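Everything below concerns the one structure shown next.
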Amino acid sequence: MNAFDLGKFEEEAQEQWNHAFESNPSNLEKFYLTVAYPYPSGAMHVGHGRTYIVPDVIARFHRMQGKQVLYPMAFHVTGAPVIGISKRIAKNDPKTIRLYRDLYKVPQNVLDEFTDPLTIVRHFASEYQRVMTACGISIDWRRRFTTVDPTYSRFIEWQWKHLYEAGHVIKGAHPVRYCTVDDNPVGDHDLLEGDKAEVIKFTLIMFHFGDALIPTATLRPETIFGVTNLWVNPAITYVRALVDGNPWIISQEAAEKLALQDHTVEITEKIAGKDLIDTTVNHPLCGTVPVLPADFVDPDMATGLVMSVPAHAPFDYIALRDLQLAGKYTTIKPVPLIKVEGYGDVPAQDAVERAGITHQMDSRMDALTQEIYSAEFSKGKLLEKYGGKPVRVARDDVAALMIETYGSKIMYEFDTRPVVCRCGNKVKVKILHDQWFLKYSDPAWKKQVSDQLGEMALVPSEVRLEFDRTVDWLKDWACTRRVGLGTRFPWDTSQLIEPLSDSTIYMAYYTIAHRIREIDPVFLTPEVFDYIFLGKDSPELPEKKKLDAMRKEFLYWYPYNYRFSAKDLISNHLTFQLFHHVTIFPKNKLPRGMVVFGMGLLNGAKMSSSKGNVFLLEDAIRDFGADTVRMFLMGSAEPWQDFDWRNELVISTKKQIERFFNTVTESKDAEGEPHDIDRWIISRLQSHIVRTTEALINFQTRQALQEAYFGIETDLKWYRRRLPENIDGSRELHTLCSVWVRLLAPFIPFTGEHLWKELAGEGLVSFAPWPVADTKLINTRIELAEELLSRTVEDIESIRKLIQITPKSITISIAPAWKQEIFLLIAKAPERNTVLKEIMKDEAMRKRGREATDAAKQCTTLIHRLPPQVVDSLVREPIDELAVFQDAKAFLEQEFGVPVHVNQAESSEHAKAATALPFKPAIIIE
RNA sequence: GCGAGAAUAUCUAAGAGGUCAACAGAGGCGGACUCAAGAUCCGUUCCCGUAGGGGUUCGCAGGUUCAACUCCUGCUUCUCGCACCA
């Protein structure tokens, strides 16, 4: 009784795998791979499944290749999201409750305790471990830890000590999104609206207005030379405020904002916008200009007052034009200051007129503004009288001059609004002090990382460019936080180390994670870690014996061979970890390679927990079986491509495993004598071994499955077809099954273990030797013969279908020797244009005249159409076609149910026989 | 907007100058086996064809070449990232 029952196989295998993948230093070559550890704030879905199964397949493959493989796992619980989740659960937020209770299926009694953030991550961490185990992921669980373990915190402190000493940790001020109600910085996950908004740095141009200043915010300070007026909204009320002791006129909103940006602000009186209209202001760089009314001025945008440059800003141009059409302010003329190719003296006018825009509310105005902005920035030059510099240079120069000489200030503001906190309050920009940074902008540090990247294997190779770009582009990273879970920042213990900055060298920590637990965290001084990781001895180290054991582990496993992660982490985590590694570890302990994954889709749409568009991994295992899930995920796309989970496709994957199981079960005990066809299938098997191995070395799981599963299955179909009637497979099939089971074991290890036992294999298939191709078993002659035969069978079938007569006999006529000669000459010829001449030099060929040139043409076409390997083999070892067909006569007669004759074309009377070519005999159906 | 990728038949997807009407899988259709269903096997699945052939195809528009799905240029659409967030 041996039925196909994935559930049973899973149970059997789990029993045998208990502790099997715990891995220790040995004499074997090591292979250490890691994957980004999960943040366990929810249940695993099939997308997570792939993230951990890909490395598992690779781990299992290398393990079978006889290496000592380490695949560890831990949990990243640092950060703020679970804090928010726990608060929302405490507040009984229906959306959150629905997600956790209904989608993640958290039992009510557990859910009740989710008001404590640590309970959430603990719960899901153990869920992760359970489901990963159920998937057959071969992890050494002894090394599991979480990033809030005190021991881990000691390790992080050691890491930061080195970063600090290397001069990479600096203190500064930093603008952040800030909620004045919560009194906290606002992360993306805390936003109700505006998660796309960026903080932009504006320059405030200070216009003099009596004894007060009117600041206008701009991104284009160089256009000060073209200012003709200011815009003020007559409908709103502005305020006069003492900003750092000086009187400013700004909007009410602006006053609140400036107070968050390092200014003291004291409102002294209110001023109606309409009272400002028709007054004048002045600035040394543009002289005295009037203040004009404009409804489009938004009090919530920067200072709430705007300077007007009608020559270069379409909005300003059209607003001024509208006023002038009404007969007002007709003396004001746009003042051009930038010359840009493709536009006249007044680019804004050009653009507006070209687009045929007639009023300010036209929806194309934004695009037009952008167009002018880009054109002037990339190609524009200031007029000679303003210095003649390109805009991209002048902009920064003028801004610097303004700040130095003309009292300009910086103001931060969002580029799009509204930006709203979950609490409903409008988010503002606040400058945080005591903010610490990792100085990723440091060119010397960047250089070290680029150099290391240059020596690393990156899979797929296309991501290299993206990595290079990222290193180039990285700016300083704010590395401390005020809220969340994590390790205290050593130089300001009121703050925490930010989550992406405490997860960069933990791959080294895995090597010692199971041993360091034995030491009380209070003894874990930086000196201890210096000894373990850097070999630096110091007096009075505790527990020296244990430390030596850890040192040994580290030296054995490190550096890691490959790090796996999804592609969205390229621009942060994957690059950060290189920065940290190059600072902390010596050259020979630096990362060797990275593999980047694609994303997961569910029925064609992006998988997303918050939208409920997920399929839980555990449900998938229950519905289809772990092996099915694994094989589907590995076979539907290469790791770096996006994959799409579709239940219909998964069902057919299950059938495929069952077919494999049945074939192996039925064939393994075959006892027949081997025939030629057995030599054929064993010969083919060798190339499947080679190609599967190559694919897995290159992380191509899909390619590997194509070879190892479908390649062999297709061969077996032909094999069975070719077996003489009433003859079962031979004992060679046992060999084939043994190889087949092992080739698929990394993909479907549960079925693999079961069948391996059935095959009486030694030990666990998880540790069985990976098949190695035996070149002695490769028989090109037989492979060619079968190729010839199957091609001829296909030809016969297609002819038979076309001619629609009931055949009485089939005759196969073999091409004569002289055609064979021509075929070989052409196949071997390096230059096809001259080969015909060469052939016709031959006396015997010339005698054949036209017949010979025709044959040569046909051979050329045929050679083009045949696969190159076939042509190569034919050149090296021509086959006896007559013998092939005579041997296969019985097979052909069985296939077509009519007598089959084989003859030499030369001895045939039939006109069609003349069409015979090498490897393409003439077929005569009568 | 900027940076990085992608677009192939009903769907998933391979192919990276002649091996290509285009691997493989799924699905559809027809057939064999069967009381029947499932499983399995065989055939077929762009168009035309009573002899293994021909024609039109690989996001769109051009170009290079004896020859392009493959190289170049432009365009369109999609995915990922653009930072304090895991």
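The chains referred to below are lettered A, B, ... by the order of the sequence lines, with proteins before strands, and numbering in each begins at 1. Keep in mind it's a predicted model, so treat the numbers as computed, not measured. In what follows, every heavy atom counts, from backbone to side chain, and hydrogens, waters and symmetry copies are set aside.
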With sequence neighbours excluded, residues passing ring-ring contact (aromatic ring centres under 6.0 Å, His included) with H573(A): none
Stem list, RNA chain B (Watson-Crick or G-U pairing under 3.5 Å, at least 3 consecutive pairs): B:1-7 with B:76-82, B:10-12 with B:24-26, B:27-32 with B:40-45, B:46-48 with B:53-55, B:59-63 with B:71-75
Shortest side-chain distance from L802(A), nucleotide among A86(B), G49(B), G3(B): G49(B)
Which nucleotide in C80(B), C85(B), G52(B) has an atom nearest any side-chain atom of D795(A): G52(B)
Sugar-phosphate only, base, or nothing, as touched by K475(A) at under 4.0 Å among non-hydrogen atoms: base
S667(A) side chain to V664(A) backbone, donor-acceptor under 3.5 Å: no
Sugar-phosphate only, base, or nothing, as touched by I570(A) at under 4.0 Å among non-hydrogen atoms: nothing
Name the pairs: protein N/O against N/O of nucleotides 41-44 of chain B, kept only if under 3.5 Å.
{"from": "U44(B)", "atom 1": "OP1", "to": "K801(A)", "atom 2": "NZ", "distance (Å)": "3.1"}

Nearest-nucleotide pick for T915(A), side chain only, options being G52(B), A86(B), A51(B): G52(B)
Nearest-angstrom distance from the residue atom NZ of K439(A) to C1' of A83(B): 18 Å
Taking only N/O atoms, report every protein-nucleotides 12-14 of chain B pair under 3.5 Å with atom names and distance.
{"from": "A13(B)", "atom 1": "O2'", "to": "R702(A)", "atom 2": "NH1", "distance (Å)": "3.1"}
{"from": "A13(B)", "atom 1": "O2'", "to": "R702(A)", "atom 2": "NH2", "distance (Å)": "2.9"}
{"from": "A14(B)", "atom 1": "OP1", "to": "Q641(A)", "atom 2": "OE1", "distance (Å)": "3.2"}
{"from": "A14(B)", "atom 1": "OP1", "to": "Q641(A)", "atom 2": "NE2", "distance (Å)": "2.4"}

Sugar-phosphate, base or nothing in reach of S501(A), heavy atoms under 4.0 Å: nothing
RNA chain B-proximal residues of residues 916-923 of chain A, any heavy atom under 4.0 Å: K920(A), P921(A), A922(A), I923(A)
Sugar-phosphate only, base, or nothing, as touched by H174(A) at under 4.0 Å among non-hydrogen atoms: base
Sequence-distant partners of D5(A), salt bridge (charged side-chain N to carboxylate O under 4.0 Å, His left out), two or more places apart: none
